[in-house]
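Everything below concerns the one structure shown next.
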Amino acid sequence: MYRSHNCGELRASHSNTEVTLSGWVQGIRDKGFMIYLDLRDRYGITQLYFDEERTSKDLMEKASKLGREYVIQVKGTVVERASKNPNIPTGDIELLVSELTILNTSLVPPFTIEDKTDGGDDVRMKYRYIDIRRNPVKNSLILRHKVAQAVRNYLSNEDFIEVETPYLIKSTPEGARDFVVPSRMNEGQFYALPQSPQTFKQLLMVGGMDKYFQIVKCFRDEDLRADRQPEFTQIDCEMAFVEQEDILNTFEGLTRHLLKEINGVEVEKFPRILYDDAMRLYGNDKPDIRFGMEFGELNDVTQHKDFGVFNSAELVVGIAVPGGNKFTRKEIDNLIKWVKRPQVGALGMIYSRCNDDGSFKSSVDKFYDQEDLAKWAEITGAKAGDLVCVLSGDKNKVRAQLSALRMELATQLGLRKPNEFAPLWVMDFPLLEWDEDTERYHAMHHPFTSPKPGQLELLDTNPGEVKANAYDLVLNGNEIGGGSIRIHDKATQAIMLKHLGFSEEEARAQFGFLMDAFEYGAPPHGGIAFGLDRLVAILGGQETIRDFIAFPKNNSGRDVMIDAPASIDDEQLKELSLKLNLKQ
RNA sequence: GGUCUGGUAGUUCAGCUGGUUAGAAUGUCGCCCUGUCACGGCGAAGGUCGCGGGUUCGAGUCCCGUCCAGACCGCCA
């Protein structure tokens, strides 16, 4: 028996009992006559105590030679401390050690195992197994477990069945790049790893599985971000015999349950906003609504004067920055510099200060009088003490730019509070999106999304205007879930694929199995998928998902711990009938 | 594919307009310390300044290239 108790559970009530503990040496305070040692495991820290009066000379010697992160087992007596530590749960007691076994030694770790470690991301990733011993990472993984557990409980109680779907599937042309796996037994052919179990869950609906969910790995070979990994986990869900409203209600229920269970937060009915309105008011299809700062469109009150920049713009749009009038000239210049960065791409920024006495001072006073500026303030909702920031240009671009500025300002002003939760449904996404590169439309959500009733005809005349039965769940400015009502009849699916540029043969080759299934009694169905990594991170008050994944990849998709990806040897290539054709 | 920021001791960082022997904190090691818990005190060791080239009497510092890391844009149905 390695332990009778863990390192987080002993209390004063255990005094004078003999116990055995095992764990890692967190730190040693060697005072010469006595030695204090913090023993750590997943559950906490217990102080071990050795002193010259009661501890044998050999044992003192042995204890003083221990190093950080040694794995040890100790036997001893629980005693109440002479000086207690109110900061830790086990602070009332310590263990007077009588036996010490070194289970394993350790090199000096490259960074400290503390909540605020001195280690940078690089080292921490390389020694992830050490990093996991730290509270923030450990607790993030525990939080993830709790969320997954709560999801399984909630959905199981709602009669959902968790079904596994295959990882070795077929590559499809739509969507993200696939990770591809060569098949040894089928020379020259490849599996692809699923970007999501989309078609399989639809086939489960045809199979009568009615309510399905799965917590499942998905794979996309695209460039990474702080909130994007090449392999990530979805809570994938699908229901048959449902309309959009049924799905929204079911998964609003799930999300509300999680917020309550995990964060103790009660949320009102989730607001809903149309995609077009989200773009107009926030310039963004995943608006953070924890703070106001809604867009005010200013064309009508800016294009009547001689200011050419505004007059030639498709859209002039501004936001009110709360308390922004306190910004110095230099701070505003920095904002202007910020929006001109290539990543944002604005050509400039016009501003108007809203003074406390009700007057305005703008960077374009030459062109606009107080009356004009008062209208800007009114339309953007600016009050005395605020700052109105105005961008202009091409509608889509300027919205994206102002949205970036809005988020940056909110971050700077501390308006994005991690313990505040503002969920939001964004509805009625466009069905199709124009792709500049390939010069054709592609599905904004995916090719199986159904158009709004009665809009099928619009596909021929004005495809960009067709709206879909598609919805996203947004939490604090992050898309945490998205789904749609699917097409469930062969004819409509064929029309969709035709508009996406598939010939009949291509459609047959790629999606024949689905079209076939639709001919054998496919029920109306729809669903949603949540990004578990992102969801957990946000519930944990973070926007970087890496700490919520036990073994994440870095920015370039590398696992720096195991050093993957890596070359394989010629023998393996030969077996797979593969030949490399490397650049340069 | 692009933009920006960074790479100096085990670790986190400082190092100005180029100028003696590249510093601090922390960690490590040694000695001391009878109630510590971020223990304390004294001392010591620890550096190809990412790599390659260039400018210069002289480069951690300036220039060019390159590699690596992070954030973002493109991309991510």
Side-chain angles (χ1 to χ4, degrees), chain A residues 26-39 45-54 64-65 67-69 79-88 90-91 94 107-127 130 172-178 194-196 198-199 218-230 232 337-338 340-345 397 400-401 404 407-408 429-433 435-437 441-449 468 470 479 482-484 496-497 500 529 531 543-544 546 554-556 558 560:
Chain A
Q26 168 74 29
I28 301 169
R29 293 176 294 280
D30 187 344
K31 304 272 293 173
F33 286 90
M34 51 192 179
I35 298 171
Y36 302 99
L37 187 151
D38 289 333
L39 189 68
I45 283 179
T46 298
Q47 177 167 285
L48 309 184
Y49 182 64
F50 307 79
D51 77 27
E52 280 195 335
E53 274 177 32
R54 286 171 290 182
S64 71
K65 292 221 167 89
R68 275 164 57 207
E69 300 308 309
V79 294
E80 206 164 334
R81 289 201 203 177
S83 51
K84 301 190 162 99
N85 181 355
N87 300 318
I88 60 171
T90 61
E94 63 199 353
L107 297 174
V108 176
F111 51 90
T112 56
I113 319 297
E114 292 166 324
D115 290 4
K116 293 204 172 202
T117 182
D118 59 1
D121 290 346
D122 222 5
V123 209
R124 288 176 43 215
M125 291 268 259
K126 180 159 181 200
Y127 300 94
I130 301 176
T172 53
E174 279 278 315
R177 293 186 188 90
D178 286 314
Q195 297 173 26
S196 84
Q198 182 58 37
T199 46
C218 303
F219 306 86
R220 292 176 193 175
D221 186 9
E222 295 292 346
D223 287 2
L224 308 180
R225 290 285 188 282
D227 65 348
R228 263 163 37 190
Q229 287 271 305
F232 59 100
K337 231 180 264 172
W338 191 86
K340 287 165 96 168
R341 296 187 323 150
Q343 280 97 330
V344 182
K397 280 187 188 153
Q401 291 160 358
M407 295 300 274
E408 171 67 16
F429 276 76
L431 184 68
L432 302 172
E433 200 175 28
D435 185 342
E436 299 281 350
D437 295 336
Y441 282 99
H442 67 219
M444 189 155 181
H445 187 52
H446 55 52
F448 319 110
T449 302
E479 181 202 327
S484 61
M496 259 309 281
L497 291 173
L500 292 170
E543 302 219 336
T544 300
R546 275 178 213 160
N554 76 4
N555 233 10
S556 351
R558 297 202 68 85
V560 293

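These figures come from a predicted structure and were not determined experimentally. Lettering follows sequence order; numbering is per chain, from 1.
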- Task: Just name whichever nucleotide pairs with B:G23, Watson-Crick or G-U, keeping both distances under 3.5 Å, else none.
- Result: B:C13
- pair_partner(B:C76), Watson-Crick or wobble, both distances < 3.5 Å, evaluates to none
- Query: How close or far is atom P of B:A38 from atom CG of A:Asp38, stated in whole angstroms?
  - Reply: 9 Å
- Task: With a 3.5 angstrom cut-off on both distances, give the Watson-Crick or G-U wobble partner of B:G6, or none if there isn't one.
- Result: B:C68
- Note on the structure: For A:Asp30, the side chain to side chain donor-acceptor pair (under 3.5 Å) test, sequence neighbours excluded, returns none
- Message: Mind checking if A:Lys84 touches a base, just sugar-phosphate, or nothing, with heavy atoms under 4.0 Å?
- Response: base
I'd like a table of atom pairs between the protein and nucleotides 30-33 of chain B - only N or O on both sides, under 3.5 Å - with the distance next to each one.
| from | atom 1 | to | atom 2 | distance (Å) |
| --- | --- | --- | --- | --- |
| B:C33 | N3 | A:Asp30 | O | 3.2 |
| B:C33 | N3 | A:Lys31 | O | 3.4 |
| B:C33 | N4 | A:Asp30 | O | 2.7 |
| B:C33 | N4 | A:Gly32 | N | 3.2 |

- C1' gap between B:G54 and B:A71, integer Å: 31 Å
- Note on the structure: Sorted by chain and number, sequence neighbours left out, salt bridge (charged side-chain N to carboxylate O under 4.0 Å, His left out) with A:Lys340 holds for none
- Task: Working to the nearest 0.5 Å, report the span between CD of A:Gln229 and CZ of A:Arg546.
- Result: 6.0 Å
- Message: Need the pair for B:G43. Rule: Watson-Crick or G-U wobble, both distances under 3.5 Å, any strand; none if unpaired.
- Response: B:C29
- Contacts of type salt bridge (charged side-chain N to carboxylate O under 4.0 Å, His left out), residue A:Asp51, not counting sequence neighbours: A:Arg54
- Task: For A:Phe448, answer base if it contacts any base atom (sugar-phosphate contacts may also be present), sugar-phosphate if it contacts only those atoms, and nothing otherwise; contact means non-hydrogen atoms under 4.0 Å.
- Result: nothing
- Query: Between the side chain of A:Glu174 and the main-chain N/O of A:His446, is any donor-acceptor distance below 3.5 Å?
  - Reply: no
- Base, sugar-phosphate alone, or nothing: which one does A:Glu479 contact when heavy atoms must sit under 4.0 Å apart? nothing
- Item | side chain to side chain donor-acceptor pair (under 3.5 Å) involving A:Glu222 - partner list, sequence neighbours excluded | A:Arg177
- Within this structure, what is the CG-to-P distance between A:Asn85 and B:C39, rounded to whole angstrom? 11 Å
- Task: Considering only atom C1', compute the distance from B:A14 to B:G23 and round it to an integer number of Å.
- Result: 7 Å
- Message: Please classify the nucleic acid contact of A:Arg68 as base, sugar-phosphate, or nothing, using heavy-atom distances under 4.0 Å.
- Response: sugar-phosphate
- Atom CG of A:Leu48 to atom C1' of B:C37: distance rounded to whole Å? 12 Å
- Message: Could you work out, with side chain to side chain contact (heavy atoms under 4.5 Å, CB included) as the rule, every residue matching A:Arg68, not counting sequence neighbours?
- Response: A:Val108, A:Pro109, A:Thr112
- d(A:Phe111 CZ, A:Arg124 CZ) to nearest 0.5 Å is 7.0 Å
- Contact class for A:Gly345 (heavy atom, under 4.0 Å): base, sugar-phosphate, or nothing? nothing
- Once you round to the nearest 0.5 Å, how far does CG of A:Asp227 lie from CD of A:Glu543? 7.5 Å
- Just how far, in rounded Å, is C1' of B:U36 from CD1 of A:Ile35? 12 Å
Table of protein N/O atoms under 3.5 Å from nucleotides 44-50 of chain B N/O atoms:
none

- Item | Separation of the C1' atoms in B:A44 and B:U56, to the nearest angstrom | 39 Å
- Item | Donor-acceptor pair under 3.5 Å, A:Arg124 side chain vs B:U11 base | no
- Item | Any strand: nucleotide that pairs with B:A38 via Watson-Crick or wobble, under 3.5 Å | none
- Note on the structure: A correct 5'-to-3' footprint of nucleotides 66-76 of chain B, with B, S and - meaning base, sugar-phosphate only and no protein heavy atom under 4.0 Å, is ---SBBBBBBB
- Query: When the C1' atoms of B:G10 and B:U21 are considered, how many whole Å apart are they?
  - Reply: 23 Å
- Message: Looking at B:U36, I'd like to know if its phosphate oxygens (OP1 or OP2) sit under 4.0 Å from a side-chain N or O belonging to A:Arg29.
- Response: no
- Give one of base, sugar-phosphate or nothing for A:Glu53, where a contact means two heavy atoms less than 4.0 Å apart. base
- Message: If the condition is side chain to side chain donor-acceptor pair (under 3.5 Å), which residues does A:Asp38 pass it with, not counting sequence neighbours?
- Response: A:Arg29
- Query: With A:Glu69, which residues qualify under salt bridge (charged side-chain N to carboxylate O under 4.0 Å, His left out), at least two apart?
  - Reply: A:Arg40, A:Arg133
- Note on the structure: CG of A:Leu37 to CZ of A:Phe50, rounded to nearest 0.5 Å, is 5.5 Å
- Task: Between A:Tyr49 and A:Val123, just flag the one whose closest nucleotide in RNA chain B comes earlier from the 5' side.
- Result: A:Val123
- Query: Taking atom P in both B:G52 and B:G46, what distance in whole Å separates the two?
  - Reply: 23 Å
- Item | B:C57 versus B:U20 - spacing of their C1' atoms, nearest Å | 15 Å
- Message: Among residues at least two apart in sequence or on other chains, which ones pass side chain to side chain donor-acceptor pair (under 3.5 Å) with A:Thr199?
- Response: none
- Query: What is the distance from OH of A:Tyr36 to C1' of B:G40, rounded to the nearest Å?
  - Reply: 13 Å
- Task: Determine if A:Phe111 stacks with B:U11; use a centre-to-centre distance below 5.5 Å and an interplanar angle below 30° as the criteria.
- Result: no
- Message: Run the salt bridge (charged side-chain N to carboxylate O under 4.0 Å, His left out) test against A:Arg558 and tell me which residues pass, sequence neighbours left out.
- Response: A:Asp563
- Query: What's the NZ-P distance between A:Lys337 and B:U5, to the nearest Å?
  - Reply: 12 Å
- Item | Distance, rounded to the nearest Å, where A:Tyr127 contributes OH and B:G10 contributes P | 12 Å
- Note on the structure: Value for CG (A:Asp178) from CZ (A:Phe219), rounded to nearest 0.5 Å, stands at 11.5 Å
- Item | P spacing across the pair B:U55 / B:U61, given as an integer number of angstrom | 15 Å
- Separation of the P atoms in B:U17 and B:G7, to the nearest angstrom: 15 Å
- Task: In whole angstrom, give the distance that lies between atom CD1 of A:Ile28 and atom P of B:A38.
- Result: 16 Å
- For B:G60, give its Watson-Crick or G-U wobble partner with both distances under 3.5 Å, or none. none
